[in-house]
Amino acid sequence: MGRAVSVAACALNQWALDFEGNAERILRSISIAKSKGARYRLGPELEIWPLMHRNVRYNCRVIFLNKKILLIRPKISLANAGNYRELRWFTPWNKARHVEEYLLPRIIQEVTGQDTVPFGDAVLATKDTCLGTEICEELWAPNSPHIEMGLDGVEIFTNSSGSHHVLRKAHTRVDLVNSATAKNGGIYILSNQKGCDGDRLYYDGCAMISMNGETVAQGSQFSLDDVEVLVATLDLEDVRSYRAEISSRNLAASKVNPFPRIKVNFALSCSDDLSVPICVPIQWRHHSPEEEICLGPACWLWDYLRRSKQAGFLLPLSGGIDSSATACIVYSMCRQVCLAVKNGNSEVLADARKIVHDETYIPEDPQEFCKRVFTTCYMASENSSQDTRNRAKLLAEQIGSYHINLNIDAAVKAIVGIFSMVTGRTPRFSVYGGSRRENLALQNVQARVRMVLAYLFAQLTLWTRGMPGGLLVLGSANVDESLRGYLTKYDCSSADINPIGGISKTDLKNFIQYCIENFQLTALRSIMAAPPTAELEPLMDGQVSQTDEADMGMTYAELSIYGKLRKIAKAGPYSMFCKLINLWKEICTPREVASKVKHFFRMYSVNRHKMTTLTPSYHAENYSPDDNRFDLRPFLYNTTWSWQFRCIDNQVSHLEKKEGISVAEDTD
């Protein structure tokens with residue numbers, strides 16, 4: 001019949017500048033795709049390299065068959081927002097439906113036997129169908145190439161992507177792929193990068209194949225497999241009959257400007273394919289946000305650990321939600337490693353043996369593996385409660401980490417003693433009559449001592465145990481605390497990497513509940529029930545008197561809303577006030593909203609400088625304040641916001657007059 005086509009979408013864990021490893025993974029994926037009967041294989045974006053054409057650098061797909069290059073297709077729409085700065089490195093191809101001759105480098109000429117090849121915006125016409133190309137961002141663009149390619153008769157759309165993970169994003173990507181063929185018919189193949197990119201992003205695979213608006217094959221979103229190949233066999237006649245019934249599509253197709261066609265003497269189908277089984281639509285299985293937190297950062301940590309060639313992690317475990325969530329993510333990593341080894345992943349086994357320096361080791365039990373690669377440390381002070389100490393100890397026992405208890409009072413007193421000896425003054429906490437400046441300084445000393453000790457123990461703990469190597473220090477500040485600046489610069493938030501730095505407090509609480517239910521970590525119940533606290537001020541009758549939300553002057557739930565409005569909605573003080581008086585009209589007066597907005601922007605701007613030294617964090621949220629790559633803003637603000645706050649005051653007065661309320665005081 002000649003209508004059944006078998007195609008492969010690959011998710012590869014490529015790593016910048018790892019030329020040998022990248023090449024090996026590409027070749028392995030080709031071999032797997034062939035063994036599964038695929039006649040077309042698609043890899044992720046930039047799985048090899050960019051190209052220079054007439055002294056201009058382009059992000060390209062190179063399409064080849066049997067050692068012959070068929071087409072070099074440069075990227076048309078470049079991603080240039082958020083985490084991406086493609087225009088810094090590449091130039092978009094702006095010549096629609098235009099093809100030029102590309103002179104191959106001599107080393108490639110010797111392999112292919114070609115001097116020049118087509119370069120530009122074209123499609124491939126095989127003996128039995130027509131294939132078009134998109135590259136990552138082009139799927140997300142409002143004028144995606146697949147729209148007019150489909151009208152011009154292209155039946156198979158292929159997309160090489162480098163799309164990173166963000167909580168709750170997968171459904172958007174899936175919907176875009178399915179909608180690409182729902183209105184216009186066709187087969188859509190999407191390949192994606194997977195793994196840590198050597199930076200703050202985790203690429204989450206999710207290779208997929210869709211036909212006529214429905215998913216027919218789904219790849220994994222999170223796994224430790226460096227190579228994943230997804231193959232589906234589909235009937236081209238299903239595309240043709242689907243399109244024939246769409247009258248509006250056919251009318252538009254009759255007027256479309258045609259694409260240049262590169263003729264290929266090859267068929268994706270076979271003449272005798274009547275008995276070939278055809279894939280049927282499936283229901284996409286989405287992970288819950290709690291599962292995403294459990295799996296995404298865990299895979300990111302594993303990539304970072306094995307590629308940095310360190311021997312494990314050290315985490316200052318305070319017994320609070322944030323550090324406990326970080327510990328649970330490391331435990332999840334250990335579970336993923338043991339599962340991968342059980343399923344026969346020889347690469348994960350080899351990496352695990354290198355990390356623990358034991359060529360015969362087999363990680364079978366997550367707790368046992370955790371003991372080898374994860375050290376937790378409770379750093380008590382005179383302001384720490386017995387409750388948090390017990391919570392940290394119990395959680396460490398349940399996940400299996402090597403746990404250390406220590407006391408920092410001697411170091412704190414020595415540092416304060418030096419200050420007193422030099423100045424003749426001794427600072428006091430506010431409960432003992434000290435000023436706010438004294439109170440804050442004494443808290444900061446404790447926090448910074450913990451950072452110094454964390455790095456000392458990370459370097460030498462394994463040495464004391466007679467084991468080789470050093471440990472990576474993990475931070476555990478959440479995205480909301482960073483946004484508010486509720487952290488001490490160069491305290492325990494300063495670490496090598498932070499797996500929860502892009503996750504909100506609300507999501508972390510839900511993740512903790514997930515771990516209670518799925519990992520049977522009962523120690524987390526008391527951690528969930530306790531109010532978040534820094535434990536940096538003196539106890540009152542042995543009990544914690546300091547809480548995070550009281551210190552911040554806002555709740556974590558409010559912080560999430562402020563963060564989304566500031567970053568995603570691009571709202572300044574006045575715009576945020578205007579949005580919140582409607583959003584919170586049932587719970588706050590305009591004057592109360594004004595006070596909250598002003599307080600947030602003061603604290604945000606005063607503390608923005610802390611973002612310049614923020615520990616590299618797993619990017620999971622679109623309102624992250626990460627100053628390095630995602631949220632590029634000034635770190636010196638006019639913290640009075642005089643004009644903006646005055647506009648808010650005027651609007652509050654107007655609203656109160658309108659409601660007949662007489663209030664003379666300022667909204668502050």
The single option from R608, R200, R633 that satisfies salt bridge (charged side-chain N to carboxylate O under 4.0 Å, His left out) with D627 is R608
Short side-chain to backbone donor-acceptor contact, E481 and L487, under 3.5 Å:
no
Test S385 against every option in T388, D387, N383 by the side-chain hydrogen bond (donor to acceptor under 3.5 Å, both in side chains) rule and name the one that passes.
T388
Got a second to check how far L565's CG is from F577's CZ, nearest 0.5 Å?
13.5 Å
After noting the C-alpha distance and the side-chain angles of F374 and Y402, does the key distance pass the ring pair (Phe, Tyr, Trp, His ring centres under 6.0 Å) rule?
CA-CA 6 Å; F374 190 32; Y402 180 81; over 10 Å; no
Does the pair F457 and L471 meet the rule for a side-chain contact (heavy atoms from CB on, under 4.5 Å), with working shown?
CA-CA 8 Å; F457 276 80; L471 303 174; over 6 Å; no
Using modelled atom types and a 3.5 Å cut-off, is there a donor and acceptor pairing between side-chain atoms of H599 and backbone atoms of M552?
yes
Is a donor on one side and an acceptor on the other found under 3.5 Å between the side chain of E517 and the backbone of Y514?
no
Any sub-3.5 Å donor-acceptor pair from K610's side-chain atoms to G485's backbone N or O?
yes
Under 3.5 Å: donor-acceptor pair, side chain of S575, backbone of A571:
no
Where does the angle between the aromatic ring planes of F600 and Y604 fall among parallel (under 30°), tilted (30 to 60°) and perpendicular (over 60°)?
parallel
Would you call the rings of F222 and Y202 parallel, tilted or perpendicular, where under 30° means parallel and over 60° means perpendicular?
parallel
Hey, does the side chain of E558 reach the backbone of T555 with a donor-acceptor pair shorter than 3.5 angstrom?
yes
Could you check L472 against L314 for side-chain contact (heavy atoms from CB on, under 4.5 Å), going step by step and ending with a plain yes or no?
CA-CA 6 Å; L472 294 163; L314 180 137; over 6 Å; no
